[in-house]
*Asks:* 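Got a structure for you, written out below as structure tokens; questions coming shortly.
Labels below follow one simple rule: chain letters A, B, ... track the order of the sequence lines, proteins then strands, and each chain is numbered from 1.
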Number of protein chains: 2
Amino acid sequence: MTKKNSSTDILIVEDEAPIARLMEIHLQRAGFSTKTCSNGRKACTLLEENHYQLMLLDRMIPGLRGLDLLRWLRKQETLKILPVIMVTALAQTEERIRGLNEGADDYLPKPFEPDELVARVQALLRRSSHQVIQQQKSTIDVNKDAMEARVNGDRLDLRPLEFKLLRRLMKKPGKVRSRQYLLDHVWGINAFVEERTVDVTIKRLRKTLEKYGLGECIVTVRGSGYRFDEKPHT
Amino acid sequence: MTKKNSSTDILIVEDEAPIARLMEIHLQRAGFSTKTCSNGRKACTLLEENHYQLMLLDRMIPGLRGLDLLRWLRKQETLKILPVIMVTALAQTEERIRGLNEGADDYLPKPFEPDELVARVQALLRRSSHQVIQQQKSTIDVNKDAMEARVNGDRLDLRPLEFKLLRRLMKKPGKVRSRQYLLDHVWGINAFVEERTVDVTIKRLRKTLEKYGLGECIVTVRGSGYRFDEKPHT
DNA sequence: AAAAACTTGTCACATAGTTGTCATATTGGC
DNA sequence: GCCAATATGACAACTATGTGACAAGTTTTT
């Protein structure tokens, strides 16, 4: 599978190389691009030098303890909103609470299931301005900040309206949205537009998604509307 | 790669010539201009007579101990804000803390990776009134104090408005900024200016950036605004 | 103080991209 | 096979952005 210019960059701060590698493999397979780093000091530098979308932070790293790094991070004007997942073997509730208090956004106990890793990353991204969905073997990532959607890191060339429509449908995968609902929420409550127009826009959106084998993500529900399917039937 | 009139001058205070040379090479390659000096007293003179953007200070230098120089520096009215990176082989936490207490802004353990050196310098500059971004193979350095922007040390001839616009966009690379946002933050909240004026200013800014192969850093997001892209676009 | 040089806002036109509608084809349920 | 719902291609209107020119205002030079 080809990987390229993903904009969804994840920084992995983890000193145990095999674990770091494992994380990388699974995240990359899910369409993210990653950077690993094995000590706290270097992590600071990387964070200041680059822009990441999310950080996976091991609690036990040399150079600076994970919590110290986190505390430092939350004081930096430009970094404090970075979503952070703490990774640690210390699964005790107390430790966990301490991490969350310091500003971790989520928590991944070691050892972890690869799927859980990916799921938590996706979930956290979704809470920031991203919407991330696992679709068969592809990851769809809609980033509202950058106003762009990516499939496995490849940028989708969507028009503004299609982008909004996709976002709206992805907001609640599996739920059917009527044409009227979509008109109200995508076009705007006061838009003076035919209901059939929705069909055409759906068509246009599907056309772009098809290029990535995702043409069937958007399902027509006869008599009701459209639905974004998270796990399309075969 | 050609190097010229960088004003991002770095003073290297280091008595071991090979190390000093190594620092010089890597910093110059990254677009900075450097001056080296092998003892503390001479450093004082240089600091008083010239204007540097940053100092790399070895802890063990003849003539005056690194910490003494630093202490002296912080007492000088005109010099006390100079960003300083302490360089030393003493990696113990205690030593490190002492250095930071005396007013070092960052700390570089010896031996160091050339990349780490450059990254720390860039990061520290960014924390002072600089914004430094690595763009493909170029380093863009926007210095608010001096009101000037440089690409690999070459000065960009930007008009005041273009400068502010670039700074604002670089503040959060990857985020789309609407024309209204830019008007509010670059022109000022009460400016009585057409939205289309933003387009023209973007055009002028792009024209200058183009000379350095960075014309595509600023991406138009149809229907939304403009975005500074950190990475090579798709 | 006048002249020259520079900055910036606006306009007008060119270009390119987006979207709504319609006409027609296709599909699904009965 | 029939009807209604949906898909699809084409087109025209519309909208957003790029771009060069110009003028008014500022700053710098002479």
*Asks:* Sequence neighbours left out, what passes ring-ring contact (aromatic ring centres under 6.0 Å, His included) with B:F112? Give chain and number order.
*Replies:* none
*Asks:* Could you list where the contact with chain A starts and ends along DNA chain D, reading 5' to 3', using a 4.0 Å heavy-atom cut-off?
*Replies:* D:dA4 to D:dA10
*Asks:* What pairs with A:Q131 under side-chain hydrogen bond (donor to acceptor under 3.5 Å, both in side chains), at least two apart in sequence or on another chain?
*Replies:* none
*Asks:* Enumerate the residues from residues 183-205 of chain B whose closest heavy atom to DNA chain C is under 4.0 Å, giving them by residue number; use none for an empty result.
*Replies:* B:W187, B:F192, B:V193, B:E194, B:T197, B:V200, B:R204
*Asks:* Any side-chain heavy atom of B:I85 sitting closer than 4.5 Å to one from B:L117?
*Replies:* no
*Asks:* Quick one: does B:L214's side chain get under 4.5 Å of B:C217's, heavy atoms only?
*Replies:* yes
*Asks:* Going by atom types only, do A:D141 and A:Q122 share a side-chain donor-acceptor pair under 3.5 Å?
*Replies:* no
*Asks:* Does A:L158 reach the side chain of A:L166, with side-chain heavy atoms less than 4.5 Å apart?
*Replies:* yes
*Asks:* Using salt bridge (charged side-chain N to carboxylate O under 4.0 Å, His left out) as the criterion, list what pairs up with A:R167, not counting sequence neighbours.
*Replies:* none
*Asks:* Would you say A:I218 and A:L205 make side-chain contact, with heavy atoms under 4.5 Å?
*Replies:* yes
*Asks:* Does a donor on one side chain and an acceptor on the other come within less than 3.5 Å for B:R29 and B:T139?
*Replies:* no
*Asks:* Looking at five pairs on each end of the helix from C:dA1-D:dT30 to C:dC30-D:dG1, what is the angle between the two axes, given to 10 degrees?
*Replies:* 30°
*Asks:* Heavy atoms, side chains only, cut-off 4.5 Å: are A:M55 and A:L47 in contact?
*Replies:* yes
*Asks:* Which of residues 158-177 of chain A have a heavy atom under 4.0 Å from DNA chain C?
*Replies:* A:R159, A:P160, A:L161
*Asks:* How would you summarise protein contacts on nucleotides 23-30 of chain C per nucleotide, using B for base, S for sugar-phosphate only and - for none, with heavy-atom distances below 4.0 Å?
*Replies:* ----BB--
*Asks:* For residues 186-214 of chain B, which residue pairs pass the ring-ring contact (aromatic ring centres under 6.0 Å, His included) check, not counting sequence neighbours?
*Replies:* none
*Asks:* Run the side-chain hydrogen bond (donor to acceptor under 3.5 Å, both in side chains) test against B:R159 and tell me which residues pass, sequence neighbours left out.
*Replies:* B:E162
*Asks:* In chain order, what residues pass the side-chain hydrogen bond (donor to acceptor under 3.5 Å, both in side chains) check against B:E24, with sequence neighbours excluded?
*Replies:* B:R21, B:T34
*Asks:* Side chains of B:Y181 and B:V198: does their closest heavy-atom pair fall under 4.5 Å?
*Replies:* no
*Asks:* Tell me the salt bridge (charged side-chain N to carboxylate O under 4.0 Å, His left out) pairs involving residues 168-187 of chain A, sequence neighbours left out?
*Replies:* A:R179-A:D199
